[in-house]
Structures are given as structure tokens and as C-alpha cells.
Amino acid sequence: MKSPIAASLRLLVRDWRGGELGVLLSALLLAVSLVVAISGFVNRLQFNLERESASFLAADLVVSSSRAMPPEWQEEALNTVGVTGETVTFSSMVISESDDMFLASVKAVGGGYPLRGSLRVDLGGGRYGADTPEPGYVYLAPRLVQQLDTAVGDEVYVGDATLRVAGTLLDEPDSTTGFFGYGPRLVMHVDDLDATGVIQPGSRVTYRLLLAGSTGALEQYKNWVEPQLVQGQRLLSVDESQPGIGATLERARGFLLLAGSLGVMLAAAAILVAARRFGERHTDQVAVMKSLGATKKTIRTLYALSLTWLGILAISVGSGIGWLAQDAMFTALADQLPGEVTRTGVTPYVTGAVTALVCIAFFAWPPLARLGAVSPLRVIRRETTIADSTRATDLLLGTFSLGGLMLWYSSDIKLTAALLGSIGITVGLGFFVARGLLSGTRQIGSSAGSVWRLALAGMQRRGTASAFQVVIFGIAIMLLLVLTAVRTSLLDQWRLQIPEGTPNHFILNVAPIDEAPLLQFFAERDIEVGDLYPAARGRVMEVNGDTLPEWGPDATGPRQREANFTSTDAKPDGNEILSGEWWAVGSDESLISLEDGFADDIGAKVGDQLTLRIAADEFVVTVASIRSVNWESMQPNFFVIFPEKLLDRFPTTLFTSFYLEPDEKYRVSELLEFMPTITLIEVDVAIQEIKTIIDQVSQAIELVLLIILVAGALVLIAGVSSSVDERLHESAILRALGAGRATLLGAVAIEFAAMGALAGVLAIMGSEAAGWVLQTQMLELDYQVQWLLWPLGVILGSLIIGSLGTFACRRVVSAPPLQVLREL
Amino acid sequence: MIKTSQLNKSVKTAEAELEILRGIDLEIKRGETAAIVGTSGSGKSTLLGLLAGLDSPSAGAIYLDNTNIVQLDEDERAVLRSQKVGFVFQSFQLLPALTALENVMLPLELAGRDDARIMAEDYLSRVGLGERLHHYPRTLSGGEQQRVAIARAFAAKPLILFADEPTGNLDTATGAKIIELLFGLNEEEGTTLVLVTHDNTLADRCQRKLIMTAGQLSEAA
């Protein structure tokens, strides 16, 4: 052969014309486009969702401090990250022109605030704006406008400064972070801060430095500033500031990666089937070529080059299809997605190309490489077949390569192990069970009618090939079941995370004497209010007599911590005891229950003696239990809990929560007028935003599931097509012998339905195993055996595979037998 | 041109070792035509496969143009076939994805010849298919397919042509035409022809008639 490249191109063109390449190229295209589409979609979705979550902070990273930060922190931020902003938040009385007064939560903003998300301001006269206020101007929350009886254009007084109302604040991105945003908001410019003269030594003020930029730069800044943080200073990132959002995003990412990995596996299965078929169909061609003088090396070079061209074609066209698909998905969701539309980056295309290469090398190449070993004797003796000896190695290599690919793709060893393990179960059990059952069915078949006898004999005679098909069907159905089950659990869990009626307002600082009037206020308005918890601010000073160091630049390890202490004899819902025991109702022992992270911070375990301080009192308690707390629940949660009797002797205030429908929001003003001394925290906006994100991610997940279902269907079709030639040939002979249409179609339908039922059983076994690992170990969801799936899997398996098989083999009865026999 | 000495071929079955060929000694000179005849299962096709280097014997030697092909590996035999051997098969063995012209070009391309297309067109014209160059095998009759196969066999200008039941799949009239074509071209090209057949008309056209009986070969008088 003079020019292998030219020859391989000719071979490819001829194969293409002969329709031999269709299935293999489709499978490769499926692999590349699926990976590019899902990976691109996930990238864009994740980027947008992260942006959306970042808008909760108005930044990607925030340094929060109870005192003014050193100027070099901002300089370093500007140098490292580039974009910064600042906010200074404090409570202050605001007075209107008509001398109405109200305690507002003032936020002075400057720099590029907000770095993420945007303000929405009603500027009056039907105009709306998103810019921060100019120096000398303020925005007021609607409730503040109402309380102060003021309007846009009027003046208000904050401390010594006179500022003009420029608009009504409808929305601000970081309204929900920090629990000290008491009272309705007033937004002013940071340059006016000095003029107010409000901030004095000892004032309770929160300073925030806002940063936005690349992950690397943020990480660099974080590492620079972290060692310099002292007490009252901390870093806030999206996950830490909104654990609910962080966990939701993490699970969504996990699911989408799982979906992507399953996509790759399905595509690999399709390629395996297609390449096997391609190899089988080329056996005769290679035998002829070898009889005409082609060497093993020539054959291998020709097919290796052909595959290379196919790979290049699949990567380029598949990337295009993938791009179109992810763009279509993204556009479909664009209305619901937050922020501007983002680009996919190159990662999805690299992932697609690597996937194609791995699939070609480990799934498509082995059956074609074996073509080199085809005996030329086949031209005179058709029964001379290809040596099968290397197939076990193929599968092993394929599995390892797939494992490597998935690990690279998901960076998650548990996920990879779970999926490979379940595939192992399906393949391992599949071959043995399928072969065993198939031989059993032959015995049944021999005593059955002719249709059944034909069907079962066919299945049994194709033994290994039938078992292979059952395994492929099983894997495809299994992956689809796993994904559907995980998706259902995930969506259910999300729906449960913030059920309807979750408290969206918190009340702090209720004096014990006000408890009865407060409850009456709610009862009269038919508003359900939660339990009232006593709360006292306290500090952990010593553990087992050792004084804990205060927070400081050089302090490492356990340190003093301050927290809101509460007391109850009933373990709060959603709390789980990790060690120790909850105390008996009415206990008067000096016990304490700690949240696990808090216990780590102070270095305490069950049985330790803690010295606490509340106001001027110091006392010693024993750690009775350590709890995990569900921070995603949006319920009142506590780091430190005492038995009820223990806190009785300290002055406490009460703390509770309640739920308001959006159209009842005016009740907040009523409540504050009724009881002006309380502190009200409104989290309704935060809860609504979390719900919005959950809804968006849920829709994305449904869409990805749909794509994977389509991929699964393609694998099933490829699997069914793989045996069509042989069946056509057999049926043509049977028709020539006088077999009727009903007999032939019936036999085909029974054969595929029986394989589908077997595949259904395998799929359920594999999916239960994979589902258990994925849900309990990776997504941290509860696992339940899906009993309903068992009969459903068998019935659906036989129905789907039966129909697909019969449809694919419809030519069995439609094509004239002579034509079939001549073509094959 | 072809010489064998003490050629044996046996295969292992579940029950015992089955001897297909036993001590075959054969010599066919350059340009000779020889027919191997015999009953089904007598070992004719096995012998043909061995002579063409498509299979390896259990014992003995096979000389093809003075090369003992038993000592060659599979790939070396393939190279030898590409240079010296042509085939015509009972089931034609045309590649269904290739046109008549491409089927004939295939061995020429494998041998790295630049004039593959010209040669292929020439030979297809010589077998009377000059008008059907771009037809696929499925659109050709059995006789036409065998003519393409004959063109493919001669186009590479082999020294030896092996034919396995070349008329086996054809009716008598078509078979007769194929025989004429095969021998006509053989004479023009001066090729050594070895064929396996049940067809006495075909066997009678050969200079020598070798009879295979239960794995042993004898020459007809």
C-alpha cells in the first residue's frame, strides 16, 4: 500500500456510502455532543448560579469587621483582586422633616458596591434606577418611607447630616446577610458618614470590604488576609454566608456531574455496541482484502486511520451539535436564570475531545484491531471466525479507561466507584444470569408452540451475543433508573428543605413581660407563631479549667467564643445528637448541649467542664451532648442550649419566629407600632430567593434528565440494531421455508421482550446498589428501596425493548426474502 | 510453479483428530491448468486454501514459485499473494460497499499501483462490463458479479490463479460463459490456473484433472 492515508480515506468514503459507518459515527457523535452539551450547560449554569448566590453577598468574598479595617487591606484587595466595594452598617434613628422618627438599619455604601447583583430603586415619577446614591442622597425602604411619612425629594436627618431622599429602595442584593440589620433600610453614600457623626467609639458597626474577581485571586487574597483577622473580623463567602444555597448548589452540581458521567457511560456503551457491529460487518471484507494480499499491519493501519478520521469528524461535528444543544437548553431556561448569559469556555470542548479519544481507543478500536487477525481462509470457509480471546481484556481496559474518564470528569472518586461498581454488578451478574436463564428458556421453548420455540431457540443459539445485548440493555436502563431515582430524591429533599409556611420573620429582644401581649397580638390576627425561646448572650471562657485564649492574630487552636445561649428541654427539630445524650425534661443539672462546629472551635467534647460567663456571672457546666444542626432549615438554630431550669436564674429576652404571607407584609408595621422595643429580622426575601434558585436548578435537572433519557434510548436502539442483520438473514430463510408474518414477528417480539425483562431485573439490581451509594454517600440523601421499580422495571424493560426490537426488525416481514439473502 | 511434498492437514474435533489431507505430493508447472475434483468433504477446498497460503498445513512443504510458503508467516504470505496470486470464489466475494470498479481496483491499490483505475477499467471492459463500472454488486446478476471477480483476479496480473467452484453459484448457460471468459483470459495472460470444481465441463477444459478421495490425491488418466 503506497499511501495509507489516501487508502484509509477511500475506505472511509466507501464504508460511508455503504452505510457501514452510520451507527459508529452516530455513537461517537452522541458521545461528543452529549459531553459537550452537558458539560457546557453545567459550566454556564454553575457560573450563573454562583453569580446569583454571590449576589446574596453583593460580592464573591467579603471581609467583615466590627471595627474599621486597616487601609492596606483595601489596597491589597485592589492589587490582588481588582474590584472592591465597601459597606458600613449600623442602626440609627432617622428623623423626617415632619419630625417623625424611626430606628433604621443604615447602610453606607461606596466603591463599586454592589459587586454582584444590583439595587432596584423607585426614583418616583415612574422612573427606576440601579445606581448607588450620590453623596448627599439616600434611598429608603418602603416601610421607612411609610413610618417617616416622607417622599422622594424630601429631606431626612441621620445624626448631624441632612440628606435628601432620592428614591424608594425596592431590592438590594445583600439584604439578608448578617443578623444585625434591624429595622428598615436606609442606604446612603459612604462619603456622608463623617458628616453624620453617628459612629463613635463603642458604636455597634459592621464594616465590610467587598471583593469580586477570579477564584485564584480571591484565594490569594483570602490567604493573605486570613492570618491578620482578629476577634470580630471574619471572611464571608457564598457557602458560609448562606449554607442553604451552598448545599443546594453543591447537590445540583453533584447531580449534573452524575448526569454527565452517565452520559459518557451511555455513549461508551453505544460505541462499544456500534464498533462490535462494525467489526462483525467488516469481517468478510477484511478476509477478502487479506486473500488479495493485505497484511495484518495494512489492515490495522487502514482501520486505525479510518477511526482517526472518524474521531476528528466526530469531535468537530459533535462539538458543534453539543454547542447548539447546550445553547438551546440555556436559552430555554434563560428567562428563569439569574444574571447575564455567560459563555461556555473551552473546557466542555476539551472534555468532549478527550471523551471521544478514550472512547475510540478503548471501545471502538479493540473490535477493529481484531479485524487484523481475521483469517483469509474465511473466503472459502465462512465458519472461520475471529478469535475471541482478547475480549475480557477489552472489557477490563474499557472499564479502567471509563473509570479514569469519569474520575477526571467528576473529580469524585465515590461517584466513579459507585457507578463502576454497579456496572460491574450488572455486567458480572448479567452474563451469568442471562446465559443461565437463556439456556433454561430453551428447555421451556422446546415444549412450547412454534412462535415461542423459534423465539427461545433464537435467543439461546445467540447465547453470548444475547447475553451481551441483555447486559447493554441492562446498563442503559440501570443508568436511567439511577438518574431518575436520584433526581426524585433530590427534588423531594429540596421541596422539604423550605416547606410552605417556613417562618420568614424572626423576633428578638422580647422582654418576658411582653410575652403574653405578643402572643395575643398574633392570636388576634390569626398568625401562627413559633415557640418562644429564652436567649442570653454569653461566652465560653474555660474548658476543663484551662482558660481559652482570646481571638488574636497569633492565636491558633481552640479559642473563646461568644454566642446566644438558649434553654429548652425538648431537642429542637432537625438537630441530631452526634455524641452524648439529651437531658430529661425538668432536669436541674448543670448541663449544656453544643453544636458540633462550636464544640470544635472551643475544643470541647462530651463530659468536659466548661466555664461560661453571662453578664458578670461565671458558672461551670458539663457537656451533655454534641449536636448537628440543619443550617439549611431556616428555622431558629442555636449553638448552645441549656436545660430550661438552668437559664431561669439569668436575665433573658425571648426569641421566636413566625410566617407571613407576602400580602400580609403590612402586619410588620403593625407589630412594630404595637411593640417598638423588639427587634425584627425579615428573612422572607432570602427564603424567596432560595426557593427561586431551587426552582431554577430543578428545571435544569429535569432538562438534563431528558437529554440523558434520549441518550439512553439511542443506546437501546444501537443495541437492538446490532443483531438485526443476523435476524433478517434467519427470517429470510424461514420465510423462504414458508413461515408466516405473524410467526416471525411474534418470535422477534418474544425474543426482545424476554431480553428486556432480563435486562430490567439486572438494571434494578444495579440501580439499587448504585442508588444506595450515591444517595447516602455522595448526595447525603436518605435512601429507600424503590420496591415499585422492581415489577415496573421488568414490565417496562420487556415492553420497551420488545417494541424497539420488533420495530427495528420490521424488515423481517416487509423485505422480500430474496433481496435480504442477496444483500447480506 | 506449485509443488507440495508430503502435505498433511488434520484438525482436532471433540472426539478425535480428523485427517483431512494425507501425504499430498503435487507438482503443477508454469502456465498449466489443473482441476481438482472430488466428492463433498473430500478435502478439495482445504487443499486449495493451503496452496494459496490462506491456511497452514499440519506437516509438509508447499512451494509457490520456488518459495516454501510454509516457512512464511501470515503477513509474508499475504505479501506473496498480493504479488503472485489471484482468486475467484464460488460466492464471488465482492465487497458490497464497493462499486464494480472499486472492487477491481482494491488488489491493485493494496499492491500500491498508481494505474489502479486504468487497469481496473481495462479489465472490466475485457470481461464485458465496461458500461457497468459504477454499479454495486447488489445491482448485478450472479454472472456479472462473477465477471467482476474474474476481472479483479486477472487485473493484478498474478502468476497463479486459484478458483474455488467458480461456476458453483451459476446456471449452466451463465457458467459456460464464465468458463469461456476464465480460460480465454488465462490463455492471454499465461497464468497458471488451479481450480476446484464439481463441474465436469469445467474440469474437462483443464490440461490436468486431479481427483481427491478421502484426503488423498490421484491424477486422472
Side-chain angles (χ1 to χ4, degrees), chain A residues 1-22 278 281-302 306 372-384 387 725 815-816 818-824, chain B residues 44-46 48-50 52-56 73-99 102-114 116 136-142 145 149 152-153 155-156 158 162 164-165 196:
Chain A
M1 198 169 48
K2 243 182 177 174
S3 162
I5 291 180
S8 66
L9 280 171
R10 277 198 300 272
L11 177 76
L12 203 65
V13 171
R14 289 165 186 171
D15 279 339
W16 174 254
R17 246 179 11 216
E20 303 282 306
L21 284 176
F278 185 83
R281 293 188 75 151
H282 276 68
T283 308
D284 286 335
Q285 172 165 333
V286 169
V288 172
M289 286 167 75
K290 288 187 92 173
S291 76
L292 296 175
T295 62
K296 194 175 183 175
K297 191 179 157 206
T298 309
I299 298 291
R300 289 202 163 159
T301 310
L302 275 178
S306 287
V374 167
S375 165
L377 195 59
R378 201 178 150 83
V379 291
I380 45 177
R381 285 192 188 282
R382 276 192 64 81
E383 65 272 26
T384 315
D725 288 352
L818 185 63
Q819 186 187 331
V820 173
L821 289 172
R822 284 190 65 178
E823 280 179 16
L824 294 169
Chain B
K44 310 182 295 291
S45 292
T46 304
L48 188 83
L50 288 175
L54 298 177
D55 198 5
S56 307
D73 65 19
E74 167 60 36
D75 278 355
E76 289 165 333
R77 292 201 300 270
V79 172
L80 185 90
R81 278 198 298 275
S82 74
Q83 293 162 349
K84 298 180 178 174
V85 175
F87 283 104
V88 176
F89 305 104
Q90 177 179 5
S91 51
F92 323 135
Q93 298 290 8
L94 299 180
L95 302 185
L98 272 53
T99 60
E102 287 164 350
N103 264 292
V104 180
M105 282 166 68
L106 186 65
L108 301 168
E109 286 171 353
L110 286 171
R113 297 191 57 152
D114 291 332
Y136 286 95
R138 65 175 178 277
T139 63
L140 299 172
S141 70
Q145 288 188 51
R152 179 175 71 183
F162 292 102
D164 181 27
E165 301 276 14
V196 162

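Each chain gets a letter, A, B and so on, in the order the sequences are listed, and its residues count up from 1. If you're wondering where the values come from, they're calculated on a predicted model, not measured in any experiment. Atom set for the values below is all heavy atoms of this structure, side chains included, hydrogens, waters and symmetry mates excluded.
Partners of B:R152 under the salt bridge (Lys or Arg N to Asp or Glu O under 4.0 Å) rule, at least two apart in sequence or in another chain, do not exist in this structure. By the side chain to side chain donor-acceptor pair (under 3.5 Å) test, A:T295 pairs with A:T298, sequence neighbours left out.
Here the side chain of B:R81 pairs a donor or acceptor atom with the backbone of A:S291 at under 3.5 angstrom. A distance-only check finds no donor-acceptor pair linking the side chain of B:D55 to the backbone of A:L377 [under 3.5 Å]. Proximity of a side-chain donor or acceptor of A:Q285 to a complementary backbone N or O of B:L95 within less than 3.5 Å is not detected.
Heavy-atom neighbours of A:L9 CG from other residues, nucleotides or ligands within 6.0 Å: above the threshold of 12.
Between chain A and the residues B:A153, B:A78, B:A156, B:S82, the largest count of heavy-atom pairs under 4.5 Å involves B:A78.
Contacts of B:V85 with chain A are absent, with no heavy-atom separation under 4.5 Å from either backbone or side chain.
Between A:L292 atom CG and B:Q93 atom CD the span is 9.5 Å, to the nearest 0.5 Å.
For the pair B:E74/A:P376, a side-chain contact is recorded, criterion being any heavy-atom separation below 4.5 Å from C-beta on.
The shortest non-hydrogen separation linking A:M289 to B:L106 is CG-CD2, 3.6 Å.
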